Amino acid sequence: MLESVSAQHRLSKGIQHLKLLNKELETAIETALLSAQESGELPRFEIPRIPVSAPKRADQGDLSYPAIGLAKLARKKPLDIASLIADWLPPLDFAGEVQVAPPGFINCFIADDYLKRQIDAIIAEGDSLFQLDIGCGEKAQVEFVSANPSGPITIGHTRGAVVGDAMARLLEAAGYDVQREYYYNNAGVQMIKLGKSLMLRYRQQLGDAAELPAGYYQGEYLIDVAVDLVANHGDSLRGEGWEFFRDAAESRMFDWIKRSLASIDIKHDRFYNETELFDSRQIWRVLDKMRENGHIYEGAYWEGADEDEIADVTAKSYEPATWFRSTTFGDEKDRVMVKSDGAPTYTLPDIAYHCDKLERGFDIAVNVLGADHFSQAQVVKHGIEALGMDPAPIHVIFNQMVRAVRRNDETGKLEAGKQSKRAGDFDTLDDLVEMTSADAVRYHMLARSPNSQLDFDVDQVVKQSNENPVYYIQNAYVRCAGIFREADERGFSDAGADLNLLGDDELRFIRKALELGNVIEQAALNYEPHKIAFFAHELAAVFHPIYDTVRVLHSEAPPEIAKARLRFYRAAAVVFYRLLRLMGMSAPERM
RNA sequence: GCUCCAGUAGCUCAGGGGAUAGAGCAUUGGUUUCCUAAACCAAGUGUCGCAGGUUCGAAUCCUGCCUGGAGCGCCA
């Protein structure tokens with residue numbers, strides 16, 4: 001489905017149009033190949049999609065296409081095919097020189113004139129730079145964080161929060177109408193334990209001798225809540241049951257969670273909880289539907305259980321439970337939907353929730369989960385299939401584990417944080433933000449493939465220096481802002497700037513900046529939000545050397561050249577602003 | 001035992017059929033009369049875990065193995 005959508009991608013209407021040059025060239029090459037086939041110079045074969053990419057070396061052009069890949073199909077020498085393509089290539093307004101390079105590459109240079117024109121185009125697009133229309137306004141949802149309200153946002157949740165929010169921003173940039181959702185379980189035994197834990201903490205505050213049993217929530221934060229309850233209500237809550245305390249705890253925890261997330265500029269549009277699915281009896285309707293479709297059965301153990309499992313279950317003398325025959329869909333064993341005590345497992349509401357999600361009509365439903373949810377997510381997917389629904393819109397990003405680390409000065413190795421004497425605890429989002437900054441947390445959590453385990457190096461992130469990529473990127477924007485401030489003070493403007501006076505350095509930056517559209521598309525449609533973080537750093541690395549030599553308000557820069565350069569920096573500032581916002585980071589005017 | 005993720009420079013990680021494998025940190029040396037040096041310039045560093053295979057071409061794909069992490073509940 002994505003392919004068909006992406007094929008009809010368009011850019012938003014603006015006065016100026018920024019193009020996805022890779023796509024343009026790919027299309028043009030396809031046209032050239034068809035023409036060559038038409039003319040008989042090339043045999044007929046189905047043209048495979050070979051992506052145009054940016055070569056590593058400058059002398060290999062800005063966009064490169066390996067025609068080598070067609071050699072076998074065309075039964076011709078790669079270099080000859082490349083030549084044919086070059087011959088038949090329709091005119092492209094952005095293309096300068098087109099070279100054929102051995103062993104069979106088409107290397108296309110972007111024309112300087114085109115690059116210069118893009119500067120005003122970038123400024124015109126402003127905050128919506130490279131706002132794509134791939135999504136055509138279709139509905140997308142990102143479900144992320146989804147931590148149960150039983151404690152603070154941990155470092156692991158934080159990764160999901162940052163990745164999810166960046167994903168949402170990228171989908172918006174790709175043209176989707178995006179909803180951010182937070183789903184949580186508040187109907188199970190864990191919340192009962194939370195309520196009882198708070199109740200005991202409350203009684204402790206009143207001087208009762210109460211111990212928290214093992215498995216209850218031992219965290220000190222519940223003591224804080226209990227202290228508050230005593231301060232506000234004295235001992236008047238002594239008669240309240242655990243339900244009261246559960247609700248009080250849930251409410252307090254959610255206030256905390258929302259405040260923590262807000263501190264890194266993350267806000268959900270909707271909070272959806274399990275209780276809704278119970279109250280609406282939706283979970284039972286889902287179970288009935290699965291039963292109707294023949295995927296549900298009752299039994300003390302699952303149909304494929306071996307002797308050991310049966311012996312184990314028999315020993316526990318369970319009453320029969322309700323099973324989902326998920327093995328039909330490739331699962332390794334069937335799963336319990338309703339326990340023998342009549343309570344549903346958490347899987348059933350989870351399936352019901354995703355069913356509801358699909359019924360709400362999202363064309364894309366991204367789910368950001370920790371890798372420890374892998375099996376669970378598979379079962380949910382099987383459940384959706386058992387309902388006769390298509391799980392295709394659902395895409396899960398699994399984040400591998402994350403831990404806070406510090407460098408051990410003796411070994412030089414990174415070690416998990418808690419053992420550090422200097423550190424104290426820093427395994428919550430609040431701690432991380434306090435020790436570093438919201439921007440640093442966001443950047444470092446994002447600048448890693450979700451598939452990689454992440455060691456959050458607290459010491460490195462704390463450093464506010466050029467050692468830290470966060471400030472390296474932001475400083476690019478700050479430097480632009482500094483130029484604008486100084487220009488304003490001197491009453492200098494870029495009105496009537498002649499961009500022909502710009503040099504190769506400036507154009508090198510524009511070249512790189514024009515890749516942003518492709519980066520957004522790739523990051524959004526392939527669910528790889530980390531790409532935007534790497535691109536931001538690369539762009540800053542192109543920017544800073546230019547800043548050093550391309551001076552605007554310098555005694556040796558003639559006013560006409562200064563004007564053109566000022567206009568250039570206006571464009572650069574737009575690009576960095578857009579990038580920083582896509583990552584959910586701030587774009588400070590000064591640092 | 002099975003499933004998923006990872007293994008690339010001293011460290012943390014990008015790249016994931018294409019041209020001479022990259023970045024940051026760390027190391028060494030240099031740069032500032034003028035828009036913030038949180039910057040720039042220069043230097044060195046590799047058995048891309050191991051072994052086979054596919055291919056014109058493999059860090060990238062396939063198979064097997066090794067190492068580390070996460071799962072495999074009538075927990076949520």
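None of these values were measured; they are calculated from a predicted model. Below, chain A is the first sequence line, B the second, and so on; all start at residue 1.
- Between Lys77(A) and the phosphate of rC56(B), there is no side-chain N or O to OP1/OP2 separation shorter than 4.0 Å.
- Here, rU8(B) and rC75(B) have their C1' atoms 39 Å apart, quoted to the whole Å.
- Across rA19(B), rC74(B), rU12(B), the shortest atom-to-atom separation from the side chain of Val336(A) is found for rC74(B).
- Counting non-hydrogen atoms under 4.0 angstrom, Phe484(A) reaches nothing in the nucleic acid.
- The side chain of Ala371(A) lies closest to rA70(B), out of rA70(B), rA76(B), rC35(B).
- Using a 4.0 Å heavy-atom distance criterion, Glu538(A) is classed as making no nucleic acid contact.
- Here Tyr346(A) lies in heavy-atom contact (under 4.0 Å) with a base.
- Taking atom P in both rU20(B) and rA58(B), the straight-line distance is 12 Å, to the nearest Å.
- As rounded to whole Å, 17 Å separates atom P of rG57(B) from atom CD1 of Ile50(A).
- Val550(A) comes within 4.0 angstrom of a nucleotide base, judged by non-hydrogen atoms across all strands.
- Closest to the side chain of Pro66(A), from the set rG18(B), rU36(B), rA70(B), is rG18(B).
- Side-chain N/O atoms of Gln378(A) and Asp331(A) include no donor and acceptor closer than 3.5 Å.
- In this structure rG1(B) sits in a base pair with rC72(B), meeting the Watson-Crick or G-U test at under 3.5 Å.
- Comparing the same atom, C1', in rG64(B) and in rU54(B) gives a spacing of 15 Å after rounding to whole Å.
- In this structure, Gly370(A) reaches neither bases nor backbone, as no heavy-atom distance under 4.0 Å exists between it and the strands shown.
- Which of rU36(B), rC4(B), rU20(B) sits closest to the side chain of Arg485(A) comes down to rU36(B).
- Within 4.0 Å of Ala300(A), counting heavy atoms only, lies at least one base atom of the nucleic acid.
- Ring-base stacking between Phe534(A) and rA14(B) is not satisfied when judged by a centre separation under 5.5 Å and a plane angle under 30°.
- Of the P atoms belonging to rU63(B) and rU3(B), the separation is 11 Å, rounded to the nearest Å.
- Residues His537(A) and Tyr443(A) place their aromatic rings such that the two centres sit no closer than 6.0 Å.
- Across every strand in view, rC40(B) sits in a pair with rG30(B) that passes the Watson-Crick or G-U test at under 3.5 angstrom.
- Comparing His537(A) and Tyr301(A) along RNA chain B, the residue whose closest nucleotide (by nearest heavy atom) sits nearer the 5' end is His537(A).
- Within the 4.5 Å cutoff, side-chain heavy atoms of Ile296(A) are placed close to those of Phe324(A).
- Nucleotide rA23(B) forms a Watson-Crick or G-U wobble pair with rU12(B), both donor-acceptor distances falling under 3.5 Å.
- Closest to the side chain of Asn451(A), from the set rG18(B), rA76(B), rA6(B), is rA6(B).
- The gap from the C1' atom of rA43(B) to that of rU36(B) amounts to 28 Å, rounded to the nearest Å.
- Side-chain atoms of Ile483(A) lie closest to rC35(B) of the nucleotides rC35(B), rA70(B), rA19(B).
- Arg448(A) has its side chain out of reach of His530(A): every pair of non-hydrogen atoms, C-beta onward, lies at least 4.5 Å apart.
- With hydrogens and angles ignored, a donor-acceptor pair under 3.5 angstrom links the side chain of Ser340(A) to the base of rC74(B).
- With both pairing distances under 3.5 Å, rU45(B) is matched to nothing as a Watson-Crick or G-U wobble pair.
- When distances are taken from the side chain of Arg448(A) to each of rC74(B), rC40(B), rA14(B), the shortest belongs to rA14(B).
- Residue contacts for Met401(A): at a heavy-atom cut-off of 4.0 Å it reaches the sugar-phosphate backbone alone, with no base atom in range.
- Heavy atoms of Arg551(A) sit under 4.0 angstrom from at least one base atom.
- For the C1' atoms, the distance from rA37(B) to rU31(B) is 10 Å, rounded to whole Å.
- Protein atom OH of Tyr443(A) is 14 Å distant from nucleotide atom P of rC13(B), rounded to whole Å.
- In this structure, Leu348(A) atom CG and rA76(B) atom C1' are separated by 14 Å, rounded to whole Å.
- The ring-ring contact (aromatic ring centres under 6.0 Å, His included) test with Phe576(A) is passed by exactly one of Tyr547(A), Phe543(A), Tyr477(A): Phe543(A).
- Under the 30°/60° scheme for interplanar angles, the aromatic rings of Phe254(A) and Phe271(A) are found to stand perpendicular.
- The side chain of Lys56(A) approaches rA19(B) more closely than any other nucleotide in the set rC75(B), rA19(B), rC5(B).
- rG24(B) and rA14(B): their C1' atoms are spaced 10 Å apart (whole Å).
- Aromatic ring centroids of Tyr182(A) and Phe144(A) lie 6.0 Å or more apart.
- Not one side-chain nitrogen or oxygen of His544(A) sits closer than 4.0 Å to the OP1 or OP2 atom of rU36(B).
- Side-chain atoms of Trp323(A) lie closest to rC74(B) of the nucleotides rC74(B), rU36(B), rC35(B).
- When each of Arg570(A), Lys563(A), Arg565(A) is paired with Asp494(A), the salt bridge (charged side-chain N to carboxylate O under 4.0 Å, His left out) condition holds for Arg570(A) and for no other.
- Separation of the C1' atoms belonging to rA26(B) and rA70(B) is 31 Å when rounded to the nearest angstrom.
- Of the two residues contacting RNA chain B, namely Asn107(A) and Gln522(A), the nearest-nucleotide position lying further toward the 5' end is that of Gln522(A).
- Look at rC50(B): its Watson-Crick or wobble partner, with both distances under 3.5 angstrom, is rG64(B).
- Distances shown here put a side-chain N or O of Tyr472(A) below 4.0 Å from the OP1 or OP2 atom of rC40(B).
- Lys333(A) has no side-chain polar atom (N or O) that falls below the 4.0 Å cut-off from OP1 or OP2 of rG1(B).
- At least one side-chain heavy atom of Asp350(A) sits less than 4.5 Å from a side-chain heavy atom of Tyr183(A).
- At the heavy-atom level, Gln190(A) lies under 4.0 Å from the strands shown only through sugar-phosphate atoms.
- For Lys339(A), a side-chain nitrogen or oxygen approaches OP1 or OP2 of rA76(B) to under 4.0 Å.
- Dashed line: the shortest gap from a side-chain N or O of Arg490(A) to OP1 or OP2 of rC34(B) is not under 4.0 Å.
- Among the protein residues, His554(A) comes within range of the nucleic acid bases, having at least one heavy atom under 4.0 Å from a base atom.
- Under the Watson-Crick or G-U wobble criterion, with both distances below 3.5 Å, rG18(B) is paired with rC56(B).
- Of all nucleotides listed (rC5(B), rG73(B), rA19(B)), rA19(B) comes nearest to the side chain of Ser64(A).
- Rounded to a whole Å, the OH atom of Tyr547(A) is 12 Å from the C1' atom of rU32(B).
- No side-chain donor from either of Gln400(A) and Ser452(A) sits under 3.5 Å from a side-chain acceptor of the other.
- Contact annotation for Ser449(A): backbone-only contact, meaning every heavy-atom pair under 4.0 Å involves sugar-phosphate atoms and none involves a base.
- The base of rU36(B) lies outside donor-acceptor range of the side chain of Arg590(A), with no N or O pair under 3.5 Å.
- Tyr318(A) comes within 4.0 angstrom of a base, heavy atoms only.
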